[in-house]
Amino acid sequence: MIEIRDIYKKFGEKEVLKGISTVFETGITNLVIGRSGSGKTVLVKSVSGLEKVTSGEIFYDGRQLSSMNEMQTTALKREIGMVFQGGALFDSMTVAENVRFPLLMFSKLSAAEMDKRVDFCLERVDLPKTHSLYASELSGGMRKRVAIARAIVANPKYLFCDEPNSGLDPQTSILIDKLIKEITEELNITTIINTHDMNSVLEIGEHIVFINNGQLWWEGTRHDVISCDNKELNDFLFNNEITKRADL
Amino acid sequence: MKKIVDAVGSYFILLGRVLRKPDNGKAFRRQLFFEMRVLGIESLPIACIISAFVGAAVVIQLAASLSNPIYPTWITGYTSRKAIMLEFAPTMIGLVLAGKVGSRIASELGTMRITEQIDALDIMGVNSANYLIMPKIVAFMLFSPIIVILSVFSALAGGWIFGVISGVITSYEYLDGLQLEFATYDMVYGITKGIVYNFIIASVSSFRGYTVTGGALEVGQASTRAVVESCIVLIVSNLALTSILI
């Protein structure tokens, strides 16, 4: 479980996050949604520790991030997996080397055990025969799946996904969403997904946090979204040509 | 002025993160050998080619300037050797490598930064600055003596070949001058300069690449700044080193 309390983030004079508090529960898919520039990426990066918050507190299963020393922070980071928007795969490494990398750096597994774990993770994301390919040889969806495999290879407790569907076709997006949801339930981890994909909201949004202008504007589940009367949320989710034509 | 102070401060803060014990010794050694090949071995051909032609130009210039019966015949070889070992080989090749290696390092790290590969390392708990930059600095510094020695050899050989072919000096006069009062310290001096220059090139370029924000345009700008700033710091440190070492 990750709890955030009253977090603010400023870049110079610009206040991007304005006092956000919420709880991201374990074992469910937590979605952070909002328009481009609303502050959702900054929120996810702040919670993951990639950005330092200006004020406020973040608790990882009761452990306060701001009171941790460098060693504790490093240890916590080893419990985190992250899927970046573009995959962020290391260009100079093959798929297998990318997935093996976190194990190589920190685990005490033997080479054979590492290979076994890499095979398992690549099979889990349905990429069993891609070990020797380089990132440049992969499609967008494959890159995302390799990134998911790399994020889960070291058995993380917390999984962050930054717009995992961006640039993917609708079918592949659904596959990626389902994969993340299944992994979250299987490993019983705390997953936070930053997205502006409406399909994701309706497919896997077990806990949705809507960020508008740096503030937490609305919170609920995918079932609540349909019946919600929050104007900004409805404008964000349903105010497009397709939904208008479908008269939703 | 504030920007310069900020940049210098950030450079030393980054160096503080770089100069730490690696997270994993095996991974460090693997990166080190990779960087030795990329930054060291791949720099040798250009260092040798440029040194040979610069050496030739130095010998021809000196021979022409010193073609006076009052000077001893060995003077061209002797002065060429001194000039090449003390200044041309380390400094000139340092400037050339600031362009080749500096732009490579800055663009590589800059691209890694904008494609979030550095963030990926950080989120895994890897000290990304140490993992990415330390092997570059160490590999390039370790290769410095080889680069300087080969550069000196190429320059002296180039001077010999082109000097004799162009007829400005005889083989005997040149070789006689080269061997006259050879001081080992001159080689140590050149290598010391080379090591310092290579540290400057690798660290300044890494700083510029590692701290890029934005996109492809900014990576290009960082690459240019890396080369320009490396050259300036290198030239300034050349003056300081010359004053200290001579």
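The chains referred to below are lettered A, B, ... by the order of the sequence lines, with proteins before strands, and numbering in each begins at 1.
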Given heavy-atom pairs under 4.5 angstrom as the criterion, report whether the side chain, backbone, both or neither of [X] touches chain B.
| X | answer |
| --- | --- |
| Leu89(A) | backbone |
| Glu79(A) | neither |
| Asp91(A) | both |
| Glu70(A) | side chain |
| Phe101(A) | side chain |

* To do: Tell me, for Phe34(B) versus chain A, whether the close heavy atoms (under 4.5 Å) come from the side chain, the backbone, both or neither.
  => neither
* Asked: Side chain, backbone, both or neither: which part of Ala120(B) has a heavy atom under 4.5 Å from chain A?
  -> both
* Between the main-chain N or O of Gly194(B) and the side-chain N or O of Ser144(B), is there a donor-acceptor pair closer than 3.5 Å? ->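 The answer is yes, because a donor-acceptor pair under 3.5 Å joins these two groups.
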* Asked: Is the backbone of His196(A) close enough, under 3.5 Å, to the side chain of Ser200(A) for a donor and an acceptor to pair up by distance?
  -> no
* To do: Could you check whether the rings of Phe207(B) and Tyr11(B) sit parallel, tilted or perpendicular, using 30° and 60° as the cut-offs?
  => perpendicular
* **Point-to-point distance, once rounded to the nearest 0.5 Å, from CD1 of Ile13(B) to OG1 of Thr211(B)** => 11.5 Å
* Structure fact -> Of Ile123(B), Asn127(B), Leu121(B), the largest count of non-hydrogen pairs under 4.5 angstrom with chain A goes to Ile123(B)
* Asked: Between Arg20(B) and Asn130(B), is any side-chain donor less than 3.5 angstrom from a side-chain acceptor?
  ->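 Short answer, no.
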* Asked: Does the side chain of Thr26(A) pick up a donor-acceptor pair with the side chain of Thr190(A) at under 3.5 Å?
  -> yes
